[in-house]
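Below: one structure, written as structure tokens.
Atom set for the values below is all heavy atoms of this structure, side chains included, hydrogens, waters and symmetry mates excluded. Fair warning: this is a prediction, and the values are worked out from it, not measured in the lab.
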Amino acid sequence: MIGHTRRLVAAAALAAGLASASIAVAAPAQAYPAQCGYGVSSLGTVSAWCSQGSGEVKAVAGCQNVFGFWSNPSGPWVNIKNGASHTSCPFGYAYKWGGFNLR
């Protein structure tokens, strides 16, 4: 019984040590984008933006050519405070859908 108790205490101490070590490690800041959206111009350019919060936004598009092949171009990651991200379908592909990614 004493051996079992020692193992439980050792396991608890080890778990507590790991928990405190993980708290001590600096984690990246959390991003909280808000009020995000996207739009498509008459030329097929997808623009994505967020008007509040922090983090980054990236525009994405779904494009298809006449043979049925798909392309999913994406714009660069843009800090929300710096404006919008933009992307377009490659030549020979038609715009089918748009959207955005956040981080």
Side-chain angles (χ1 to χ4, degrees):
M1 182 71 167
I2 292 174
H4 178 68
T5 304
R6 286 183 185 161
R7 283 192 297 266
L8 289 176
V9 170
L14 181 60
L18 290 177
S20 64
S22 65
I23 292 170
V25 174
Q30 294 294 319
Y32 296 101
Q35 302 297 320
C36 301
Y38 77 94
V40 183
S41 75
S42 60
L43 299 175
T45 299
V46 177
S47 300
W49 64 87
C50 295
S51 60
Q52 295 180 1
S54 63
E56 296 179 314
V57 62
K58 175 172 69 168
V60 294
C63 311
Q64 189 177 32
N65 69 12
V66 296
F67 302 107
F69 293 103
W70 285 86
S71 175
N72 296 104
S74 62
W77 286 106
V78 176
N79 188 299
I80 289 169
K81 296 173 185 165
N82 295 337
S85 176
H86 309 281
T87 190
S88 298
C89 292
F91 179 77
Y93 283 76
Y95 170 82
K96 296 294 183 181
W97 58 262
F100 55 89
N101 293 328
L102 303 171
R103 69 175 181 186

- Query: Given the rule in the side-chain contact (heavy atoms from CB on, under 4.5 Å) test, do Cys36 and Leu102 qualify, once you have shown the distances and angles that lead to the verdict?
  - Reply: CA-CA 9 Å; Cys36 301; Leu102 303 171; 3.9 Å; yes
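When atom types are taken as modelled, the side chain of Thr45 and the backbone of Ser88 share no donor-acceptor pair closer than 3.5 angstrom. The backbone N or O of Gly98 lies less than 3.5 Å from a partner atom in the side chain of Tyr38, making a donor-acceptor pair. Put simply, the side chain of Ser85 never gets that close to the backbone of Lys58: no donor and acceptor are under 3.5 Å apart.
Each of Val57, Val46, Thr87 was compared with Phe100 under the side-chain contact (heavy atoms from CB on, under 4.5 Å) criterion, and only Val57 meets it.
Using a 4.5 Å heavy-atom cutoff, the side chains of Tyr95 and Leu43 are not in contact. When side chains are defined from C-beta on, Ser41 does not count as touching Ser47, because their heavy atoms never get closer than 4.5 Å.
Atom CD of residue Glu56 and atom SG of residue Cys50 lie 11.0 Å apart, to the nearest 0.5 angstrom.
Gly99 and Ala48 get closest at one heavy-atom pair: O-CB, 4.3 Å. When every heavy atom of Pro33 is checked against every heavy atom of Ile80, the shortest pair comes out as CB-CD1, 3.4 Å. Contact record, Trp49 with Gly39: CZ3-N, 3.4 Å, taken as the closest heavy-atom pair.
In the hydrophobic clustering of this structure, Trp70 does not group with Phe67; members are Ile, Leu, Val, Met, Phe, Trp, Tyr whose side-chain heavy atoms approach within less than 4.5 Å, directly or through other members.
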